[in-house]
Amino acid sequence: MSGRKFSRRSVLLLAAAVLLAVALGSVALARARSAAVVATVPFSDLLRHLDSASVKEIVVNGDLLEFKLANGETFRTIAPANYVTSNAAFVPELAKKGVRIDVQTVADQSPYSYGALVLGLGFVGLLGFAMYRVTSGRIPALESKAREAGAETTTVTFADVAGVDEAKEEVKEIVDFLREPGRFAAIGGRIPKGVLLVGPPGTGKTLLARSIAGEAKVPFLFASGSDFVEMYAGVGASRIRKLFKDARRHAAACIIFIDELDAVGRSRGGTSLSHEEREQTLNQLLVEMDGFAPNQGIVVIAATNRPDILDPALLRPGRFDRQVTVGAPDVKGREQILQIHARKVAIDAEVDLRQVARGTPGFSGAELANLVNEAALFAVRAGRQIVTNQDFDQARDKVLMGAERKSLQMSEHERMTCAYHESGHAVVAALLPHADPLHKVTIIPRGRALGVTMQLPEGDRHTHTREFLEAQIAILMGGRVAEELFLRQMTSGAGNDIERATEIARRMVCEFGMSAALGPLAYRTPGNPWETDKGAGISESMAQQVDAEIKGLVMNGYETARQIIAKNRAAVRAMAEELLVVESLDADSIKAVIASAA
């Protein structure tokens, strides 16, 4: 023997294999025995063979009799009920005739009894082994899924993060503490135990957390909230304990980052078993963040875009002490983000990134990164070595309006309808004083639309005036009005316009308090806006007034669009005819067409 030691897992697996082999062998042996009995004959045949002294051996198993003849043939028969036990002369007569007699018990009737027993024991053993492994938490698939990035591998710094200057200032204190903890401890200050990054998707929450680790040069443990959600009871809480245990192994400091915290941090109070398991995981997280165990030097950073559903115990001081809002960047921030992503792309010197930033209001950091990548792809398709302004324009149009559907074939009548429809939108938008400037009009199908009229604001807009919203309704109605006045028809192409106009009017009445008749009251509830029971707080008569106000706003916009188009019929006709020829018009071309028709 070489003295080799086997692990407990190997021994258990070997024992399970032996049990399985014994069970299979037992079943095979039983089947072989069963196969030896070739036929069942009437009881009278046995008596006939006994009279002729041709029976050599007989096996008695209750009323089941198996007999073997002198020529080697074997048969089976069933005796009348209690024939053997009630007939006292039966067995002695067999002995006198020289027949070998073997008596078995009733339990031996099933040839599979031993095999089934061994197989059942083997299955129970394997099941117990599996349950032992699950409850002890040592199955590899149930181990902690947290990943670790060392201080030397985390290369992202604050220089790679742009457009969120206020958020960076908030988290710089954490970096200073992790670098120089003694400076804060000298005056009795302590670093926040947790920082919650809140903001819409794609605004750079995860990137900001990575930059904190890169600036502080400390280990960085990161996991997703869904990593703690499993079907096995207690696994989530076990992974939370393992995550903080790994963090405490680092003597100086460590950062734990949990992405999508709402997956595990939802408010407690559910009654189902799945909710109960998630609550146990959340309870363990609460204890680890602020319990009896010391967590000196551990900073927990989490990100979510649903702070409204988080449990209040997570948000109290001592756990997530600080909430940092990471919002969509302004025009300056968008320019900085574009500059960062443009480092990896060959861009023409004539490209003005500030102009690109002005034309992308509301874009997040992820959307801007996608814009730069799309522009680079357009340049490659065109065979250029650098990205030009034309590539950025095409990329922006694709992101905002969808990809061109050049393969879609429209009839001439549909093209004319689309041209007048989009011309109605464009003329109303160009002549209303409170509307955003026009950027492009096209009758090339994009996305799910057959044509698009696109406006770009001159700057970021955070609030909307009543005049601006009324202008938006009128612009949306312009397409339907143009179809009626020029083509004497109504088409389904205005369906989305009507839906959007109705939604704007509904929000003006129910949320923004812009109805003179109903006043500054909120009539819309988050669950069901038009419920008339006590929970909704709106009566049947009030709901009718709300509907009337919404209809009035939409019809006022329709009338405004009708008056503008009727007064500028030449401009609408000229723009439609131009679109039928060139299919797309930019802002300068739109102004030229309207001026020439005046």
Side-chain angles (χ1 to χ4, degrees), residues 131-150 174 178 191-198 205-206 209-210 212-213 218-270 272-307 309-323:
M131 292 300 297
Y132 164 75
R133 297 286 285 176
V134 168
T135 54
S136 62
R138 286 196 292 268
I139 288 184
L142 302 183
E143 292 179 355
S144 175
K145 293 186 178 181
R147 281 80 67 193
E148 179 174 352
I174 300 175
L178 294 174
I191 197 67
K193 290 186 177 180
V195 178
L196 182 62
L197 305 179
V198 179
K205 300 182 293 294
T206 304
R210 292 174 59 193
I212 296 173
V218 297
F220 184 73
L221 296 174
F222 56 98
S224 172
S226 60
D227 290 342
F228 305 107
V229 180
E230 286 286 355
M231 62 178 291
Y232 301 106
V235 173
S238 174
R239 287 180 176 171
I240 291 288
R241 288 192 296 268
K242 180 70 164 54
L243 176 63
F244 279 82
K245 182 179 178 181
D246 292 341
R248 293 189 189 100
R249 291 175 180 172
H250 300 282
C254 181
I255 292 177
I256 294 177
F257 177 64
I258 302 176
D259 202 4
E260 305 298 342
L261 181 66
D262 49 275
V264 69
R266 287 175 177 263
S267 296
R268 291 167 289 183
S272 68
L273 293 177
S274 61
H275 289 173
E276 182 178 353
E277 168 60 17
R278 190 183 66 235
E279 288 179 6
Q280 297 302 322
T281 305
L282 174 58
N283 290 337
Q284 187 63 43
L285 177 61
L286 296 175
V287 171
E288 293 290 347
M289 290 190 66
D290 189 20
F292 284 100
N295 286 331
Q296 296 296 330
I298 298 178
V299 177
V300 181
I301 303 175
T304 182
N305 50 25
R306 295 291 308 278
I309 65 174
L310 294 181
D311 194 272
L314 269 177
L315 306 179
R316 73 160 176 82
R319 292 196 174 107
F320 285 106
D321 306 81
R322 184 173 298 180
Q323 294 189 33

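The heavy-atom pair separating Ala237 from Gln280 by the smallest distance is CB-O, 4.1 Å. Taking all atoms of both residues into account, the shortest heavy-atom contact from Leu282 to Val264 is CB-O, 3.7 Å. Taking both residues in full, the closest heavy atoms of Ala303 and Leu196 are given as N-CD1, 4.4 Å, listed atom of the first, atom of the second, then distance. Ile298 approaches Ala247 most closely through the heavy-atom pair CD1-CB, 3.8 Å. When all heavy atoms of Arg319 and Leu314 are compared, the pair lying nearest together is CB-O, 3.5 Å. Of all non-hydrogen atoms in Asn305 and Glu260, the two that sit nearest each other are OD1-OE1, 4.4 Å.
Leu197 contributes atom CG, which lies 6.0 Å from atom CD1 of Ile212 (distance to the nearest 0.5 angstrom). Here the straight-line distance linking atom CG of Leu243 with atom OG of Ser238 works out to 11.0 Å at 0.5 Å rounding. Here Ile301 contributes atom CD1 and Thr206 contributes atom OG1; the two are 11.0 Å apart, rounded to the nearest 0.5 Å. Taking CD1 from Ile240 and CD1 from Ile256, the interatomic distance works out to 8.5 Å, rounded to the nearest 0.5 Å. Note that CE of Met289 is 7.5 Å distant from CG of Asp321, once rounded to the nearest 0.5 Å. For the atom pair CZ of Arg248 and CD of Glu288, the computed distance is 4.5 Å after rounding to the nearest 0.5 Å.
The existence of a salt bridge linking Asp246 and Lys242 is confirmed by a sub-4.0 Å separation between a basic side-chain nitrogen and an acidic carboxylate oxygen.
The backbone N or O of Leu310 lies less than 3.5 Å from a partner atom in the side chain of Ser267, making a donor-acceptor pair. No side-chain donor-acceptor contact under 3.5 Å links Arg241 to the backbone of Gln284.
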- Report the C-alpha separation of Leu261 and Leu285 in whole Å, then their side-chain angles, then the decisive distance to 0.1 Å, and conclude whether the side-chain contact (heavy atoms from CB on, under 4.5 Å) test is met. CA-CA 11 Å; Leu261 181 66; Leu285 177 61; 4.2 Å; yes
Stepwise, does the side-chain contact (heavy atoms from CB on, under 4.5 Å) test hold for Arg210 with Phe222?
-> CA-CA 9 Å; Arg210 292 174 59 193; Phe222 56 98; over 6 Å; no
